[in-house]
Structures are given as C-alpha cells and as structure tokens.
Number of protein chains: 2
Amino acid sequence: MNELDEIDIKLLKLLGEDSNVTTKELAGRVNLSPSPVFERVKRLEAGGYIKKYIALIDAEKLDYGLIVFCNIRLKQHDKSIGHEFVTDIMRLNEVVECYNISGDYDFLLKVYARNMKHYQDFVFNKLGSVKSIGSTHSTFVMCENKNSYNINI
Amino acid sequence: MNELDEIDIKLLKLLGEDSNVTTKELAGRVNLSPSPVFERVKRLEAGGYIKKYIALIDAEKLDYGLIVFCNIRLKQHDKSIGHEFVTDIMRLNEVVECYNISGDYDFLLKVYARNMKHYQDFVFNKLGSVKSIGSTHSTFVMCENKNSYNINI
DNA sequence: CTTGAAAAATGGAGGGT
DNA sequence: ACCCTCCATTTTTCAAG
C-alpha cells in the first residue's frame, strides 16, 4: 500500500474519533457503498495505518483521578541502564506512558494514581526500588483540557 | 450503576486493549455466555465507564513522526486569559493533548509534527499568534517506549 | 466500484437457577 | 438478580461482474 487518497484520510479521521460506526454509516459519510469502504478499511488495517481498536476507559470513574507527569533522570547513561529502566518501569501499572526525552531529564512518565497518597506510595515504594533512577521531578495535572488520543488530520 | 465486580473490571481491561473482540470471545475469557457479557458491556457504556471506542492511527505512517511536549507559561494568570488560551489552542490540530499543570509552567501540550521544520513553524507561526502565551519550553521525544492509552487495571 | 448473497455477530425474548 | 439457550435482525465479508 503506497498512497492514501482523501477518502482514506477521511476514514482514518472518522474511525479515530469513533470506531463503533458501521461500515454502512462510514459509507454514507464518504459517499460510497459499504463494500469499497470495507475494503479500504481492511487495507488501512493491513497497511498498519490503523494499529488497533480500543475502548477508552474513564479513569476517574475507576477512582484513578490523579494524573502526574513524572520526569526521571537516570544515574548513568549507558545503554544497559536505559534498557533496565524501561523494563522495570513497564511492570508498574500506574505508568500509562513512557518517553525517552531530550533535556534535563531522561524519561517522562505519565502516571495514573488514585490520589496523592497513592502517588506518594508509588514514588517511594515503586520508583524507589528501581535502582537505575537518579532523581525525579513530578508535575501534577490540575485539568485535562484536551485529549484526542490521535493525530488530528 | 454502583459497583463493578471482577468480571466487569476484566471486561474493561480486555476492551481497553482490544475492542474488536466479539462478545462471544469476551464471554469465553470471563467464563460466561455471550448474553450476560453483552448486557454488562452495555451497562459499562451507559454508566460512562467506557467513554467511547476508537481506532488508533499510526502517526508515523502519516508522516507525523515527531512528538514534542511543549510547556507553556501564560503572560497573566486570571481565569479569562486561561480560557482564551485553551480555546485558541484547541484549534491547532498539531496539539493532541492539553493539560493545565502545577509547577514552573501553566500548560503542557503534546504536539505531533512532521519534522523539526514543521515544529519550528508551529511554534513561530501558530503558538506565536496566541497572545496569551508568555514563554514556552519544548521537550523532544526521542523514543516512545510505552503508550497503553488506558489505565492499567 | 457495484450488486448480491452467504456467514457471522448483535441484541432481545423467554425461561431457569 | 443473574445467567442461559434460542432466534430474528443486522452487519460483516466476500464473491462475481
């Protein structure tokens, strides 16, 4: 699969906002019949343009109302320490996202916690036992103004 | 809807990772028949535990391979300036996420750009024309090690 | 891309524990 | 209150044109 035309882009946009639409509905939106739309979507899936389909779960409803961005500086910067850090961090289910970043810190984590007490416990007991960590700096989210989960095309 | 039992949590977990599973498949995973599973999922949707279903689009495939976390400090901190900033920022389609945060900066944006040149253009021309912004600080993502998009329960 | 038809999933009725 | 089996309807999926 090489190039996407405008209809493919439109389909990606629509599915990126709501994947529960029927092929029929999608077809109506792009002025085609269901079959070609079905084929296009399958092609977008096979080509890796659509990675997967997920349900978005409301973290607040599950009493995980606190979002924290946790900056992390490693003790050392060789490859094995970095790899060790990532595998350690992957096991922590409070960590939803992990990025290797430029700047003063090495990694940025997005963390979901129930409350401050829970976050404190996370930092002291869970991060505290990850040996590759040098120091951390937490930035607390006061309000999530926008999260589209996808590129806006 | 008040309490979730273990089966509901399991269903949320499964759907949060892959929402393309059939009710039958889900039923097998939680050792129930399709009907009660179907009813539970509908209850989870109606109760707001499942916010929506989306397709995850591969940004790199669409030539948006650069992720930047952009910290923003406002000029002033009254409510109307904050509101003005958020509405201005919402219009920028490079901005995927926007958080009101604690600390040295007021907002944290997650930005998708095609490349450095595009990001430079975004900062100078798009952020540059948002009057409420005082200063910015960009942190570039070198590697996205993990992104589960959902709470890990 | 269209039509059209087989296969499968959804979503509900009715009954049982 | 919760679950099950069964069935009509809708949707998906895949031919052939």
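Residue numbering restarts at 1 for every chain, and letters A, B, ... go by the order of the sequence lines.
Between the two ends of the helix from C:dC1-D:dG17 to C:dT17-D:dA1, each summarised by a five-pair axis, the helix axis turns through 30° (rounded to 10 degrees).
For the pair A:E39 and A:V21, both in contact range of DNA chain D, the more 5′-proximal nearest nucleotide belongs to A:V21.
Nucleotide D:dT5 holds its P atom 17 Å from the CZ atom of B:F38, rounded to whole Å. Per the geometry, CD belonging to A:E25 stands 14 Å off C1' belonging to D:dT12, to the nearest Å. Rounded to an integer number of Å, the gap from CG of B:L11 to P of D:dC3 is 10 Å. Between the P atom of D:dT10 and the CG atom of A:N20 lies a distance of 18 Å, rounded to the nearest Å.
Here the side chains of B:I67 and B:V111 are not in contact, with every heavy-atom distance at 4.5 Å or above.
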Salt bridge (Lys or Arg N to Asp or Glu O under 4.0 Å) for A:K42 and A:E39? Distances and angles first, verdict last. CA-CA 5 Å; A:K42 286 299 155 199; A:E39 281 164 10; over 6 Å; no
As a quick check of understanding, evaluate salt bridge (Lys or Arg N to Asp or Glu O under 4.0 Å) for B:D5 and B:R40, giving each step before the final call. CA-CA 10 Å; B:D5 61 14; B:R40 278 166 182 271; 2.9 Å; yes
Any chance you could lay out the ring-ring contact (aromatic ring centres under 6.0 Å, His included) test for A:F107 and A:F85, step after step, and finish with the verdict? CA-CA 10 Å; A:F107 287 92; A:F85 169 78; 4.4 Å; yes
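In terms of heavy-atom proximity, B:L4 sits nearest to B:L44 at CD2-CD2, 3.8 Å.
Counting non-hydrogen atoms under 4.0 angstrom, B:S35 reaches a base of the nucleic acid. If you check every strand for non-hydrogen atoms under 4.0 Å, B:S33 touches a base.
Panel note: side chain B:D106, backbone B:H77; no donor-acceptor pair is recorded below 3.5 Å.
With rounding to the nearest 0.5 angstrom, the OG atom of B:S135 is 10.5 Å from the NZ atom of B:K75.
In terms of phosphate contacts, B:R40 brings no side-chain nitrogen or oxygen within less than 4.0 Å of OP1 or OP2 of D:dC2. An OP1 or OP2 oxygen of D:dT10 is reached within less than 4.0 angstrom by no side-chain nitrogen or oxygen of A:K24.
Nearest nucleotide to the side chain of A:K42, out of D:dC6, D:dT13, D:dT12: D:dT13.
In the model, A:Y53 has a side-chain atom that pairs as donor or acceptor with a side-chain atom of A:E45 under 3.5 Å. A:Y119 and A:S138 are linked by a side-chain donor-acceptor pair at a separation below 3.5 angstrom, with hydrogens and angles left out of the test.
Along DNA chain C, the stretch of nucleotides lying under 4.0 Å from any heavy atom of chain A spans, 5' to 3', C:dC1 to C:dG4.
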